[in-house]
Number of protein chains: 4
Amino acid sequence: MRGASVGDGGDASTIRNVSIRAHYPVRVTAEPVETRRGGRVRSENARLAILDATASEFARRGYEHLTIEGIAAAAGVGKQTIYRWWRSKGDLVAEAVLEDRLLGERFHIPDTGDLRADLATWLGEVFGMLAGPEGEGLLRSLIAAAADNADIGRRLRERIAGEGAGSGEASVTDRLRSAVAAGELATSAPVAEIAELLVGAVILRALSRTGGDREAVSRLVAAIVG
Amino acid sequence: MRGASVGDGGDASTIRNVSIRAHYPVRVTAEPVETRRGGRVRSENARLAILDATASEFARRGYEHLTIEGIAAAAGVGKQTIYRWWRSKGDLVAEAVLEDRLLGERFHIPDTGDLRADLATWLGEVFGMLAGPEGEGLLRSLIAAAADNADIGRRLRERIAGEGAGSGEASVTDRLRSAVAAGELATSAPVAEIAELLVGAVILRALSRTGGDREAVSRLVAAIVG
Amino acid sequence: MRGASVGDGGDASTIRNVSIRAHYPVRVTAEPVETRRGGRVRSENARLAILDATASEFARRGYEHLTIEGIAAAAGVGKQTIYRWWRSKGDLVAEAVLEDRLLGERFHIPDTGDLRADLATWLGEVFGMLAGPEGEGLLRSLIAAAADNADIGRRLRERIAGEGAGSGEASVTDRLRSAVAAGELATSAPVAEIAELLVGAVILRALSRTGGDREAVSRLVAAIVG
Amino acid sequence: MRGASVGDGGDASTIRNVSIRAHYPVRVTAEPVETRRGGRVRSENARLAILDATASEFARRGYEHLTIEGIAAAAGVGKQTIYRWWRSKGDLVAEAVLEDRLLGERFHIPDTGDLRADLATWLGEVFGMLAGPEGEGLLRSLIAAAADNADIGRRLRERIAGEGAGSGEASVTDRLRSAVAAGELATSAPVAEIAELLVGAVILRALSRTGGDREAVSRLVAAIVG
DNA sequence: GGCTAATCGAGACGGTACGTCTAGTCTTCGG
DNA sequence: CCGAAGACTAGACGTACCGTCTCGATTAGCC
């Protein structure tokens, strides 16, 4: 299936993020960058089409079966346009993760004031997602991607366990800090470590296909913030 | 590079394990198994050569760059002999993991009587292995393999976090139980959950390429068995 | 599709021909052959099943796509039973041709007393067969077989052009001789050469996919026995 | 044995013929061909290397044992480049025959003014070639190829028996016409049929491995142009 | 009736080649 | 110079057969 051609009208008005690599016309930083001489500028349309295609192909086929050719076809783009700006599919997926095209709101953790309940709710949701058919392979695909590409690994950790996850999404660490502020957790509580252990357990469950019922969830919560 | 041919002299005297699939002459169980009619029996030599080659290729190139052709060549075996007995490289690696060809003693956890110290030692070693060049990709490759193949995921969990890891290797859970028996840990301690959280954290560290110094290790230990 | 097993009841009562190779129980020649000691005798059932399967597979798929495995399966026979008695599929087809399993009556030439008319009839039939869907590939497959295997080539020539074609089938040469005897052709007529030229033309037409209408046929006949 | 890589420098200055298929830059016809948009053009270097390799492999191993992989390796070309432009080895050989890479001057027929002598000379040479070791399999391989592929069959017939054989090579028909013009043969002589019968006889001799001494040759000539 | 020996169906073995797919690079045209 | 298109070399994929090598099970002739 071949997507419609992107065209290249140049109406790059909907820039959503900043590219990782240099030689990009629209930038946040003000540095002039070796003042390019002549030549057509990079097409923002193409870039977005590629990232969109990456996200949808990733969701559809998983990281392992992701192909550059498939992405190029789905994006209506030449392969070279991808290779010109990204070194590998790992890079590509890393940027898609960075732009929050893959995780979405799937790892949102609530804040009702009751930390243990919130953690249980969150874990329950995530485990449910793992069991479900649609999200079944998503997290595992992300894990495979992270195993392959350092940037993805780092970003995945920041996004879920880290602090200041960006994109307005609260991470587990953020929720724990909120609990400390609310007096639910001791000030001395090792917030970062707890988050790390919790997220690690989720990943292990994803890898071992071990579902988790309500009781398993509460036992896990009790073990870490008992 | 082509390995020497396996030959097939039939001197399969060093059987190390039991095959996963049926139709195999040497078995532990006494069941006669649908009494074969005709046909040469499966070559144990070929099976072992394939698993050995799988292990060494895996260590050398990682799961993603593992090729069936490479394994066949290294094992001195026809490709069909692999495809006859395993459906995919995932299956192949799963059996190699099952037969302890990949992990070896790398995740051995000591038992000196001091649980916290032992856990710290173990975490330190594992983190060190992650940082080192040789084991650098090993765990991440195993994670990728587990993301791809359910059997590998399950087996990996059992082997490291599970109980009765088999092969005489003690798992984290085993060590924790020993601590409970020694009175170091309360009888009510959620042993399985602690092991899971700990192993999960290791996997997360592997994915995020986050090293861990001595202090980070002790903070992690304190957070979980403080 | 696997043919029913041949069984091996030993009721080899319907022997139709003599095997090419030695070590066969039923023979014309009386030589005792290195007096075998013990051992099971060759199964005539298996031999016939193999030749039948060869013929039907040949008709169905042609010489190029004939496979030993296919024949073995269709005959309900082990591959080794084929390799024990024939060296190649060429040998196998050669014996099938020898036993008239492939040509049948397809190249029968009539004898009405009018040589030219008979030749025209014969050529017309053969050309018609070439055009038809069923016999379309048959002659070409035989040609391919002959190109591959000397025995087949020789036998094919004998059977169609040669004298004493055996099997009660009259060859072109036989028909020409009959014409000489009837005074239709001069005693000095180069019978063998005429037959050769005629059959060669048929083969060339088969290879070049050149059909031949009634007129083309009579022109050919006129050119050779004008 | 792997041929040197073709490179692709674009110095395709020695174009020898016109490709069969479309989408090719160098053409005789002036038709603009659906005005290509983008895309690298077909490499003439690769095309020639493939056809050369086909010819040499054909001569060396014969049609049956010709392999696409062998040709690709000998031509220093990827397999896909072959499959992109030809559907089968039959197609490939057909184009090689079309470009006169296989027959060469081997079937050249002399014209001394004495038709019968010339035919005898020609037949003698061809039969000699059939007997010799180098050309032994060549004609039979071509026959096998023709049996497999219609284009080859047609072309083979044109080239040897047909008129206006192209490539400046005179065919048997051409020689017969010359004899008619010289008054050696009656104007009413069925030139085409005589050529066909003669060439057919040659093919039959090739298939049946029947050599032909001087006398056999003259008998054949006498039978057809007596 | 046991022994010896060669056959039978069956099917695993090391290999070769198939035709397809994708990687990453290179080359064309058009904007 | 960018971008779409698409040909290029390279090499792995999973399948089909090759011809060989065991298997257990028959089935003869000879003791």
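Protein chains get the first letters and strands the later ones, always in sequence-line order, with residue 1 at the start of each.
- Residue D:Thr81 has its side chain nearest to F:dT9 when only E:dG14, E:dT28, F:dT9 are considered.
- Here the CD1-CD1 distance, from D:Ile50 to D:Ile82, works out to 4.5 Å after rounding to the nearest 0.5 Å.
- With hydrogens and angles ignored, a donor-acceptor pair under 3.5 angstrom links the side chain of C:Arg40 to the base of F:dT26.
- The residues D:Glu95 and D:Arg47 are annotated as salt-bridged, a charged nitrogen and a carboxylate oxygen being separated by less than 4.0 angstrom.
- Across the protein-nucleic acid pair, A:Arg61 atom CZ and E:dC21 atom C1' stand 11 Å apart, rounded to whole Å.
- Scanning for side chain to side chain donor-acceptor pair (under 3.5 Å) contacts around B:Gln80 gives an empty result, with sequence neighbours left out.
- Annotation for D:Val93 and D:Ala145: closest pair CG1-CB, 4.3 Å, computed over non-hydrogen atoms.
- One can place CG of B:Leu48 at 18 Å from P of E:dA12, the figure rounded to the nearest angstrom.
- Looking at the side chain of B:Val77, the nearest of the listed nucleotides E:dG9, F:dT9, E:dG14 is E:dG14.
- Partners of D:Glu64 by side chain to side chain donor-acceptor pair (under 3.5 Å), not counting sequence neighbours: none found.
- The nearest whole Å value for the distance from the CZ atom in B:Arg47 to the C1' atom in E:dG14 is 19 Å.
- One finds no side-chain N or O of D:Trp85 lying less than 4.0 angstrom from the OP1 or OP2 phosphate oxygen of F:dG6.
- Rounded to an integer number of Å, the gap from CD of C:Glu64 to C1' of E:dA17 is 15 Å.
- Atom NE2 in A:His65 sits about 15 Å away from atom P in E:dC21, given to the nearest Å.
- Considering OG1 of C:Thr54 and CD1 of C:Ile71, their distance stands at 3.5 Å, rounded to 0.5 Å.
- One finds the OG atom of B:Ser141 at 9.0 Å from the NE2 atom of B:His65 (value rounded to the nearest 0.5 Å).
- Straight-line distance from the CG atom of B:Asn45 to the C1' atom of E:dA12: 13 Å, rounded to whole Å.
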Contacts under 3.5 Å, N or O only, protein and nucleotides 13-15 of chain F:
| residue | atom | partner | partner atom | Å |
| --- | --- | --- | --- | --- |
| F:dC13 | OP1 | B:Ile68 | N | 2.9 |
| F:dC13 | OP2 | B:Ile68 | N | 3.2 |
| F:dC13 | OP2 | B:Glu69 | N | 2.9 |
| F:dG14 | OP2 | B:Tyr83 | OH | 2.4 |
| F:dG14 | O5' | B:Tyr83 | OH | 3.4 |
| F:dG14 | N7 | B:Lys79 | NZ | 2.8 |
| F:dG14 | O6 | B:Lys79 | NZ | 2.7 |

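- The side chain of D:Arg84 places an N or O atom within less than 4.0 Å of a non-bridging phosphate oxygen (OP1 or OP2) of F:dC8.
- For B:Ile82 and E:dA12, the CD1 to P distance is 15 Å, given to the nearest whole Å.
- The CG atom of C:Leu92 sits 15 Å away from the C1' atom of F:dC17 (whole-angstrom rounding).
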